[in-house]
Amino acid sequence: QVHVIESGGGLVPVEGSLRLSCTASGQTFSNYHMGWFRQAPGKEREFVAAVARSGVSRYYADSVKGRFAVSRDDAKNTVYLQMNSLKPEDTAVYYCAADPTQFGVRMGYYWGQGTQVTVSS
């Protein structure tokens, strides 16, 4: 069992920045691909970004490329999502996912509870 906890959400102005953190415990963190998803009101959950177990491969949704950056620190069992140039359409609950095998849009063996990000216009 892996326990996933997100933090760092909040209210931020348009074009502002925010960094989300996600810690995973219970299993060896470095054995898991880690990813971020989001769900806006009235919409389905969508993939945002992922970083592979190796820390080398990273994958982004087209909507966040060039603005968001995903990284991981295995020593701290933590994955980060640096979000820059935020737009109102980035407003959503952001979820962290951990997966031992899947990398990318299909990942999500373990999920966190989510953290709210609101971009004010």
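Along the sequence shown, residues carry numbers from 1. Only this structure's heavy atoms are used, side chains among them; waters, hydrogens and symmetry mates stay out.
- For the pair G104 and A50, the tightest heavy-atom approach, listed with the atom from each and the gap, is N-CB, 4.3 Å.
- In this structure the side chain of V79 reaches within 4.5 angstrom of the side chain of C96, judged on heavy atoms.
- If you chain together hydrophobic residues whose side chains sit under 4.5 Å apart, F37 and L81 never meet in one group.
- For F47 and Y59, the ring centers are positioned less than 6.0 Å apart.
- Using a 4.5 Å cut-off on side-chain heavy atoms (C-beta onward), T91 and V117 make no contact.
- With sequence neighbours excluded, the residues forming a side-chain hydrogen bond (donor to acceptor under 3.5 Å, both in side chains) with S17 are N84, listed by chain and number.
- Taking the six-membered ring for Trp and thresholds of 30 and 60 degrees, F103 and H33 have ring planes inclined between 30 and 60 degrees apart.
- Q39 CD to E44 CD: the interatomic distance, rounded to the nearest 0.5 Å, is 8.0 Å.
- The cluster map of Ile, Leu, Val, Met, Phe, Trp and Tyr, joined by side-chain heavy atoms under 4.5 Å apart, puts V105 and Y109 in different clusters.
- Nearest heavy-atom pair, A97 versus G108, reported as atom, atom and distance to 0.1 Å: CB-CA, 4.0 Å.
- T115 approaches G9 most closely through the heavy-atom pair OG1-N, 3.1 Å.
- When the side chain to side chain contact (heavy atoms under 4.5 Å, CB included) test is applied to V93, the partners found at least two apart in sequence or on another chain are Y95, Q116.
- The backbone N or O of S30 sits nowhere less than 3.5 Å from a side-chain atom of T28 that would complete a donor-acceptor pair.
- Smallest separation of non-hydrogen atoms from A40 and A92: N-CB, 3.8 Å.
- Residues that satisfy the salt bridge (charged side-chain N to carboxylate O under 4.0 Å, His left out) test with K87, not counting sequence neighbours, are absent from this structure.
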Audit row: F68, W36, ring-ring contact (aromatic ring centres under 6.0 Å, His included) steps and yes/no = CA-CA 11 Å; F68 290 12; W36 290 95; 9.9 Å; no
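- D99 is not listed as a side-chain neighbour of Y110, based on a closest heavy-atom distance of 4.5 Å or more.
- For Q27 (side chain) and N31 (main-chain N/O), no donor-acceptor pair under 3.5 Å exists by modelled atom type.
- In this structure, the separation between CE on M107 and CD on Q102 is 8.5 Å, given to the nearest 0.5 Å.
- Nearest heavy atom pair, residue V2 against residue A24, reads CG1-CB, 3.9 Å.
- Between the side chain of R58 and the backbone N or O of V70, at least one donor-acceptor pair lies under 3.5 Å.
- Residues passing the side chain to side chain contact (heavy atoms under 4.5 Å, CB included) test with T78, sequence neighbours excluded: S21, T23, K76, Y80.
- Once rounded to the nearest 0.5 Å, the distance linking CG of N77 with CE of M34 reads 9.0 Å.
- When the side chains of ILVMFWY residues are joined at heavy-atom separations under 4.5 Å, either directly or via intervening members, L18 and L11 end up in two distinct hydrophobic clusters.
- Residues V14 and L86 fail the side-chain proximity criterion, which asks for heavy atoms closer than 4.5 Å.
- For the salt bridge (charged side-chain N to carboxylate O under 4.0 Å, His left out) test, residues two or more places apart in sequence or in another chain that qualify with D90 are R38, R67.
- Y60 and V48 fall within the same hydrophobic cluster, defined by Ile, Leu, Val, Met, Phe, Trp and Tyr side-chain heavy atoms under 4.5 Å apart, directly or through other members.
- Across all their heavy atoms, Y32 and P100 have their closest contact at CD2-N, 3.5 Å.
- Residues satisfying the salt bridge (charged side-chain N to carboxylate O under 4.0 Å, His left out) test with R72, not counting sequence neighbours, are D74.
- Within 6.0 Å of CD on Q113 lie no more than 12 heavy atoms contributed by other residues, nucleotides or ligands.
- A donor-acceptor pair under 3.5 Å is absent between the side-chain atoms of E6 and the main chain of C22, judged by distance alone.
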